[in-house]
Amino acid sequence: MNICILGTGYVGLVSGVCLAANGHVVTSVDLQADVVDRLNRMQPHIHEQGLPEMLRRVGTEKRFRATLLLDDGLADADLVVIAVGTPTTEGRIDLRYIREAAGQIGTWLKRSSRFLSIVIKSTVLPGTTDTFVRSILEQTSGKRLGAFGLGMNPEFLREGNAIEDFTKPDRIVLGHEDARTLSLLQEVYQPWSCEKLAVNTRTAEMIKYANNCLLATQISAVNELANLCFEVGGIDAQQVMTGVHLDKRWNPVLAGQRVNPSILTYLVPGCGFGGSCFPKDVQALCTMGQEHRIEMSMLQAVLTVNERQPRQVLRLLEKHFGSLEGRKILVLGMAFKPDTDDVRESAALKIVRDLAQARSTIIAHDPIALDNARKALEDVTVSWVSDWRQALTEIDAVVIATKWVEYTALAQPEHTAHLQGKVVVDPRRLFQPKDFPQAVYFSIGRRPIS
Ligand code: UGA
């Protein structure tokens with residue numbers, strides 16, 4: 001099938017490249033000439049594992065190309081996917097890019113006699129596709145739904161795992177407002193064998209929010225329990241969670257073996273969730289609920305716990321040192337999670353800001369997100385280092401803010417030798433206390449009784 005995709009962010013680009021790798025012919029439309037140029041040279045402008053190789057393959061096979069012109073992208077398309085950004089402005093989802101995209105497609109539809117299905121992939125609030133998008137399309141095209149098709153096909157891609165998530169999805173949600181769009185979506189995803197759920201577009205939209213909100217809720221619920229464990233003392237919240245994980249409803253036993261479902265990795269004490277999705281999506285649903293006169297007190301609490309959670313790191317350090325003024329602290333990791341250069345809403349940035357306010361001297365490192373972190377923290381004085389190992393000799397404390405695999409080396413003897421009597425704060429639970437026998441080890445949700 002010929003598919004046009006609007007937007008080459010990590011959702012649009014990964015979707016386009018993966019659809020092309022599954023036999024479709026994809027044209028991506030973007031407004032930025034340098035991005036289009038790079039993509040046509042088969043070089044991704046975003047960091048995503050496996051993407052460079054796959055882009056090269058589909059580019060060489062002439063199954064994927066990029067263009068600046070919508071008319072060019074739509075020329076042979078049976079389906080157009082809108083995957084533009086939906087940022088948050090003052091707690092509300094900002095639909096300006098969706099509006100522009102739908103308006104331009106509607107104007108194209110007016111001139112065309114061909115049937116085209118328009119499918120939203122961007123995360124939009126329930127009711128957006130069948131009201132807002134539909135009415136823009138109808139107004140600008142002068143046609144009614146039926147003369148064109150309308151669908152909503154949410155993505156469940158995790159940054160850093162996006163190619164794998166698209167290639168081996170848990171399920172595919174085929175939101176549609178008309179039978180032709182459903183049948184086109186079924187054809188698009190014919191190569192995938194997972195469960196496919198055909199629903200109306202507002203159910204599809206809600207599935208996406210419900211999924212992210214419940215994952216975020218797990219994280220805040222565990223963090224709140226961990227904070228209580230810390231205050232009570234003598235309890236390790238991680239051990240508590242291990243005990244909880246052994247409930248067969250969380251972790252079933254099949255053929256005598258624990259399944260260890262990946263949901264368990266969200267049920268671990270930490271310094272809070274970040275990224276471009278969880279904080280934004282929970283906030284958007286809270287605002288929507290309030291507009292419908294529902295308090296949304298639980299999701300509101302999920303955000304409140306999360307906003308405060310990075311501060312636990314400061315509390316641990318202050319409990320140990322008293323004032324942090326002049327203390328040299330190395331923060332390892334700036335990305336909101338490993339395997340991405342994304343620092344949006346990263347707990348690490350909040351930790352750095354807290355440390356700066358406490359007047360400590362901050363040294364910071366990240367294997368790939370350093371440039372993004374530097375931009376996000378340009379108002380804060382930080383010594384950015386490309387080699388964290390060298391910094392170990394001169395610091396008072398180290399905080400592991402992102403669980404990058406390379407930081408596991410911190411527990412090697414040549415490094416622990418420099419940490420004698422110093423403080424290791426491990427909010428991401430990369431290590432065990434026994435890994436640093438000669439240092440003072442802290443983690444969230446664990447305070448030994450002295
Ligand atoms: C999230 C969802 O997981 C995707 O299903 C969804 O498609 C995406 O949002 C989106 O809405 O586009 P992402 O933000 O890339 O994906 O990241 P996650 O890997 O889910 O991480 C989100 C937060 O959860 C991070 O702060 C991370 O530290 C935390 N997390 C992640 C855990 O606590 N445990 C994990 O195992 C993974």
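Every number for a ligand or one of its atoms is a count from 1 in the order of the listing.
- Inclusion of K208 in the set of residues having an N or O under 3.5 Å from an N or O of ligand 1 is warranted.
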Worked verdict on F431 versus F436 for ring pair (Phe, Tyr, Trp, His ring centres under 6.0 Å): CA-CA 9 Å; F431 300 105; F436 300 98; 5.0 Å; yes

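- Y10 and H47 share no donor-acceptor pair across their side chains, judged by distance under 3.5 Å alone.
- Counting heavy atoms under 4.0 Å from ligand 1, residue N212 touches it through the side chain alone.
- In this structure a side-chain-to-backbone donor-acceptor pair under 3.5 Å is missing from W404 to L332.
- The N/O atoms of T123, backbone and side chain alike, include none that comes under 3.5 Å of an N/O atom in ligand 1.
- Side-chain N/O atoms of N211 and R171 include a donor and acceptor closer than 3.5 Å.
- A side-chain donor-acceptor contact under 3.5 Å links N22 to the backbone of C18.
- For ligand 1, the polar-atom distance check against T265 finds a nitrogen or oxygen pair separated by under 3.5 Å.
- Under a 4.0 Å heavy-atom criterion, G274 is in contact with ligand 1.
- Near F273, the atoms of ligand 1 lying under 4.0 angstrom from a non-hydrogen atom of the residue are 23 (C), 26 (O).
- Using a 4.0 Å heavy-atom cutoff, D281 is listed among the residues neighbouring ligand 1.
- Scanning all heavy atoms of the two residues, the minimum distance from I5 to A83 falls at CG2-CB, 4.2 Å.
- Among all protein heavy atoms, the one lying closest to atom 30 (N) of ligand 1 is Y266 CE2, 3.8 Å.
- Looking only at heavy atoms of the protein, atom 22 (C) of ligand 1 is closest to F278 CE2, 3.5 Å.
- Ligand 1 does not have Y209 within reach: every non-hydrogen atom of the residue lies 4.0 Å or more from it.
- Residue-ligand proximity: R428 is placed with a non-hydrogen atom under 4.0 Å from ligand 1.
- The option with the heavy atom closest to atom 19 (O) of ligand 1, from among E155, E159, K337, is K337.
- With ligand atoms numbered from 1 in the order given, ligand 1 contributes 12 (O) to contacts under 4.0 Å with heavy atoms of Y10.
- Taking a 6.0 Å sphere around CD of E195, one finds it holds 12 or fewer heavy atoms contributed by other residues, nucleotides or ligands.
- Contact annotation: G275 has no heavy atom less than 4.0 Å from any atom of ligand 1.
- The protein heavy-atom contact nearest to atom 3 (O) of ligand 1 is R158 CG, 3.4 Å.
- Side-chain polar atoms of N260 and N251 form a donor-acceptor pair below 3.5 angstrom.
- If you check the side chains of T287 and R92, you find no donor sitting under 3.5 Å from an acceptor.
- Looking only at atom types and distance, the side chain of T88 has no donor-acceptor partner in the side chain of K280 under 3.5 Å away.
- No side-chain donor-acceptor contact under 3.5 Å links S220 and N223.
- Taking only nitrogen or oxygen atoms, main chain and side chain alike, L157 reaches within less than 3.5 Å of ligand 1.
- Scanning the protein heavy atoms around atom 10 (C) of ligand 1, the nearest turns out to be C277 SG, 2.9 Å.
- Under a 4.0 Å heavy-atom criterion, I219 is in contact with ligand 1.
- Checking side-chain atoms of E177 against main-chain N and O of T201 turns up a donor-acceptor pair under 3.5 Å.
- Assignment of K403 to the shell around ligand 1 is not supported, since no heavy atom sits closer than 4.0 Å.
- Distance from atom 5 (O) of ligand 1 to its nearest protein heavy atom, with residue and atom name: F156 O, 3.4 Å.
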